[in-house]
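One structure is given below, encoded as structure tokens.
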Amino acid sequence: MFLQRGLVWLQDQLTTTARNFLLNVLAAGPIPKHVAFVMDGNRRYARMKHQAIQQGHSEGFVALRRMLEICLRLNIKCVSAYAFAIENFKRSEEEVAALMKLAEEKLVELCEHGDLLDEYGVRLNVVGHTNMLPESVQAAVRKAEDTTRHNKRAIFNLCMPYASRDEIATAIKSSVEVSLTQDYEISYITEKDIDSQLPIALGGSPPLDILIRTSGVKRLSDFMLWHCSENTQLQFSSTYWPDFGLFDFIPVILDYQRKSIMKGSSI
Ligand code: FPP
Ligand code: MG
């Protein structure tokens, strides 16, 4: 029994050492500034494991924390994640309630003293129509954002309840309002003006370098449409989100590094 425990411990240590080594090697190459995740496949994962749907979402949160830490270890300055689409309010009452409970619990936990966001100096922005969330979740959002407000090393955009076309429409309205209050013609509004009104840009996030969607689905589903229209590397992985980890991420980063090195050498 003692020997068995010792071997498990040794195996974990080796894995941790190998993992740290891989992360250090990857971090020595070009690193994207901003990576976004469409965390898809939680329910299929749960069904595959004969679990309740909410268990799939809980394990989805574990994967989010794991990927966030990997990104921070690689010195990626900004991570965005699609946690809840406005459209998701159409799911069953039970599933929506479970997701809201998870958000309420985990938001506060993530930001606690000594936890991930504090350890890595990450500012949390919750992006979307937060007024559509239950009051207790809104209170957790305010608390989590306030706790991390002064963190400067990285940004984590948690998008909930979010829809990109709605975000763009709101930014256009704000640009028009600015033009009216500053008394210049609406026809002078530029792409840059609209860009500067998007909450993700307002929060100081750099342009999006990589967007990853899991679970084999190749759609954007109204996520960061404006942000991924230029030089963003789109990656579709067949892994269900709760299973997504370092070994799914390594080829994505290597691809980014290869393209960056090629771009650099063609200048
Ligand atoms: C998509 O998979 C996932 C979601 C709608 C929820 C994502 C939420 C998490 C990963 C946890 C978020 C953490 C916080 C802090 C709220 P799906 O439900 O569409 O699964 P399917 O594609 O297999 O049906
Ligand atoms: Mg889905």
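Indexing begins at 1, ligand by ligand and atom by atom, following the structure's order. Any value given below was found using the heavy atoms of this structure, including those in side chains, with hydrogens, waters and symmetry copies removed.
- Under the 6.0 Å cut-off for aromatic ring centres, Y162 and Y82 qualify, their centroids lying closer than that.
- Protein heavy atom nearest atom 21 (P) of ligand 1, with residue, atom name and distance: R44 NE, 3.6 Å.
- For the pair L107 and ligand 1, no heavy-atom separation below 4.0 Å is found.
- Ionic pairing of E109 and K106 is present here: one or more N-O contacts between side-chain nitrogen and carboxylate oxygen are shorter than 4.0 angstrom.
- On a distance-only criterion, D40 and ligand 1 share at least one N/O pair closer than 3.5 Å.
- With a 4.5 Å cut-off on side-chain heavy atoms, V38 and I212 do not count as touching.
- The closest protein non-hydrogen atom to atom 14 (C) of ligand 1 is F61 CD1, 4.1 Å.
- M39 O, 3.1 Å is the protein heavy atom nearest to atom 1 (C) of ligand 1.
- Counted within 6.0 Å of CD on E119, heavy atoms from surrounding residues, nucleotides or ligands total more than 12; the atom is thus considered enclosed.
- When the heavy-atom distances from atom 16 (C) of ligand 1 to A46, A140, G41, A103 are ranked, the shortest goes to A103.
- No other N/O/S atom of D40 lies as close to the Mg ion (ligand 2) as OD1 does.
- Considering backbone and side-chain N/O atoms, N42 comes within less than 3.5 Å of an N/O atom of ligand 1.
- In the model, D193 has no side-chain atom that pairs as donor or acceptor with a side-chain atom of S175 under 3.5 Å.
- Here the shortest heavy-atom distance to atom 4 (C) of ligand 1, taken over M160, E104, H57, M100, belongs to H57.
- With 3.5 Å as the limit, one finds no donor-acceptor pair spanning the side chains of Q138 and T130.
- An N or O contact shorter than 3.5 Å is missing between N88 and ligand 1 by distance.
- Ligand 1 places these atoms under 4.0 Å from at least one heavy atom of G60: 10 (C).
- The single protein non-hydrogen atom nearest to atom 18 (O) of ligand 1 is R91 NH1, 2.7 Å, given as residue, atom name and distance.
- Looking at ligand 1, you'll find an N or O of R43 within less than 3.5 Å of one of its N or O atoms.
- L68 and F244 end up in the same hydrophobic cluster when Ile, Leu, Val, Met, Phe, Trp and Tyr side chains are linked at under 4.5 Å.
- With respect to D255 and R258, a salt bridge is recorded, a charged nitrogen being found less than 4.0 Å from a carboxylate O.
- When the shell of 6.0 Å around CD of E94 is examined, it contains 12 or fewer heavy atoms from other residues, nucleotides or ligands.
- Look at S215 and you'll find every heavy atom at least 4.0 Å from all atoms of ligand 1.
- Remark: R65 engages D115 in a salt bridge, criterion side-chain N to carboxylate O under 4.0 Å.
- Of all protein heavy atoms, the one closest to atom 8 (C) of ligand 1 is A83 O, 3.6 Å.
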